[in-house]
Amino acid sequence: MLRQVILAASRSNTMRRVVENAPVSKQVVHRFVPGASLEDAVQATTELVTSGRAVTIDYLGEDTLDAAQATATSDAYVALLTRLGDAGLTRDGRAEVSVKLSAVGQAFDEAMALDHATRICKAAADVGTTVTLDMEDHTTTDSTLDILGKLRQDFPSTGAVLQAYLHRTEADCRELSGEGSRIRLCKGAYSEPAEVAFQGKDDVDASYLRCLKVLMEGQGYPMVASHDPQMVAAAQAYAAEAGRANSDYEIQMLYGIRDAEQSRLISEGVQVRTYIPFGHDWYGYFMRRLAERPANLRFFLRSLVSRN
Ligand code: FDA
């Protein structure tokens, strides 16, 4: 219930103004977002790569409604990739990027979103790395997978996120578990109706485990995006059962979440990739983090009270 309220607030302009202008927000947001500038992203990347992790970087922004904003977003990705390449951070795919198609025009012009995504994939290939498409609410899933298929014709290593809370996802995992496919499996962070998505945690977790098994038994490269100890342990067990080496899959977590666990996995020889968001447009991302964990919300509310 609380989760639905926060997710509804994540789409409200009034709440956006309140949260963005609350004096403590920036300081709390900093826990999840290293900064607004390209240099902040490069610095966080350098630190994480030095600690043995790979990263994927998201230039914050979503629900773009005009062409100029879509172009500005794709320009930002091209600048980021060029800078990462110059700094030697894209070697062996250590740093890749994550793109929300809604940020490059998907909602009003799918062809434009494909053009921008193609440009970003080209910039990534030029510096020896790749792109993963984030997945947004269920009304965009078909369009995102359609664009993924088109991108993979020229950039076969382009990956995408699938969300275990959707009823369709086990079938999508089967469809996308072939050779060369890179799928990032997460539970799902949006508010979705019962017609399309499992509603209870147990059902979502059970779906995640089924999807994970399909991906691990397939020919592709599974990217296990979860902070949940049960999912991480299952990934390691299913990988071993399927005869996968540590280099044949990776665990992924968000910046600022379970940092010690990320280091522990690295010390065990498991590949870990951290998702780093950066930019000014942090509101939607931040609200989804508050919604998925009461402790995150308590931390934010406590900061408000202690500040006042
Ligand atoms: P969940 O939130 O169910 O928590 C289960 C358990 O994990 C907890 O009980 C606790 O033990 C542990 N845990 C979780 N958070 C913790 C914390 N902060 N500290 C300590 N323990 C914690 N979603 C989406 O819809 N589209 C997308 O494209 C993406 N992309 C994406 C990329 C990456 C790399 C990640 C990690 C996640 C996403 N997500 C996403 C978000 C995802 O859908 C989901 O909302 C969150 O990862 C939360 O789900 P978990 O699987 O982490 O566990």
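Every number for a ligand or one of its atoms is a count from 1 in the order of the listing. Count residues from 1 along the sequence.
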Dump the intermediate steps for ring pair (Phe, Tyr, Trp, His ring centres under 6.0 Å) on Tyr59 and Phe278, then the final yes or no.
CA-CA 5 Å; Tyr59 176 63; Phe278 83 102; 5.3 Å; yes
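- Closest to atom 21 (N) of ligand 1 among all protein heavy atoms lies Arg258 CD, 3.4 Å.
- Looking from atom 41 (C) of ligand 1 to the surrounding protein, the closest heavy atom is Arg289 NH2, 3.8 Å.
- Relative orientation of the Phe32 and Phe286 rings is tilted, given thresholds of 30° and 60° on the angle between their planes.
- Annotation: atom 17 (C) of ligand 1 to nearest protein heavy atom, Arg293 NE, 3.2 Å.
- Using 4.0 Å as the threshold, Arg3 has no heavy atom nearer than that to any atom of ligand 1.
- Inter-residue side-chain proximity for Tyr275 and Met253 is flagged as unmet; no heavy-atom pair is nearer than 4.5 Å.
- Between the side chain of Arg94 and the main chain of Leu89, no donor-acceptor pair closer than 3.5 Å is present.
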Asp115 and Thr118: CA distance, side-chain angles, deciding distance, side chain to side chain donor-acceptor pair (under 3.5 Å) verdict:
CA-CA 5 Å; Asp115 284 349; Thr118 304; 5.3 Å; no
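- Each of the atoms 36 (C) of ligand 1 lies under 4.0 Å from some heavy atom of Met253.
- At a heavy-atom distance under 4.0 Å, atoms from both the backbone and the side chain of Asp134 approach ligand 1.
- Using modelled atom types and a 3.5 Å distance limit, the side chains of Gln106 and Thr144 yield a donor-acceptor pair.
- Contacts between Arg31 and ligand 1, counted as non-hydrogen atom pairs separated by less than 4.0 Å, are absent for every part of the residue.
- Shown in contact with Val161 at under 4.0 Å from a heavy atom are these atoms of ligand 1, numbered in order with element: 27 (C), 28 (O).
- The side chain to side chain donor-acceptor pair (under 3.5 Å) with Ser191 is formed by just one residue from the set Arg288, Gln4, Arg11; it is Gln4.
- For atom 29 (C) of ligand 1, the closest heavy atom belonging to the protein is Cys186 SG, 3.8 Å.
- If you check which protein heavy atom lies closest to atom 49 (O) of ligand 1, you get Lys187 CD, 4.1 Å.
- Scanning the protein for heavy atoms near atom 7 (O) of ligand 1, the closest one is Asp228 CA, 3.1 Å.
- Under the 4.0 angstrom criterion, atom 3 (O) of ligand 1 counts as having a protein heavy-atom contact.
- Sparse packing is recorded around CZ of Arg91, with 12 or fewer heavy atoms of other residues, nucleotides or ligands lying under 6.0 Å away.
- Below 3.5 Å of separation, one finds no N or O of Tyr275 facing any N or O of ligand 1.
- Exactly one residue among Asp126, Asp75, Asp154 makes a salt bridge (Lys or Arg N to Asp or Glu O under 4.0 Å) with Arg119. That residue is Asp75.
- By the 3.5 Å distance cut-off applied to N or O atoms, His227 is counted among the residues near ligand 1.
- Contact between Met135 and ligand 1 is present, with at least one heavy atom of the residue lying under 4.0 Å from the ligand.
- When each atom of ligand 1 is checked for a heavy atom of Pro229 under 4.0 Å away, the hits are 7 (O), 11 (O), 12 (C).
- Of all the heavy atoms of Arg184, the ones lying under 4.0 Å from any atom of ligand 1 belong exclusively to the side chain.
- For atom 51 (O) of ligand 1, the closest non-hydrogen atom of the protein is Ser226 OG, 2.7 Å.
- Looking at ligand 1, you won't find any N or O of Ala225 less than 3.5 Å from one of its N or O atoms.
- If you number the atoms of ligand 1 from 1 as listed, the ones under 4.0 Å from a heavy atom of Gln163 come out as 24 (C), 25 (O), 26 (N).
- Of the N and O atoms on the side chains of Thr56 and Ser98, at least one donor lies less than 3.5 Å from an acceptor on the other residue.
- The shortest N or O to N or O distance between Gly188 and ligand 1 is below 3.5 Å.
- Of the heavy atoms in Lys201, only side-chain atoms (C-beta onward) come closer than 4.0 Å to ligand 1.
- In this structure, Glu217 does not pair ionically with Arg244, as no charged nitrogen and carboxylate oxygen lie closer than 4.0 Å.
- The option with the heavy atom closest to atom 34 (C) of ligand 1, from among Glu136, Gln252, His138, is Gln252.
- For Leu254, no nitrogen or oxygen atom sits less than 3.5 Å from a nitrogen or oxygen atom of ligand 1, counting backbone and side chain alike.
- A cation-pi arrangement, defined by a distance under 6.0 Å to the six-membered ring centre and an angle within 45 degrees of its axis, is absent between Lys187 and Tyr165.
- Between Asp205 and Arg210 no salt bridge is recorded (no basic side-chain N to carboxylate O distance below 4.0 Å).
- A donor-acceptor pair under 3.5 Å links the side-chain atoms of Gln271 to the main chain of Asn246, judged by distance alone.
- The ligand atoms of ligand 1 that sit less than 4.0 angstrom from a heavy atom of Glu292 are 2 (O), 44 (C), 45 (O), 46 (C), 48 (C).
- Contact detail for Lys100 and Asp58: the closest heavy-atom pair is NZ-OD2, 3.8 Å.
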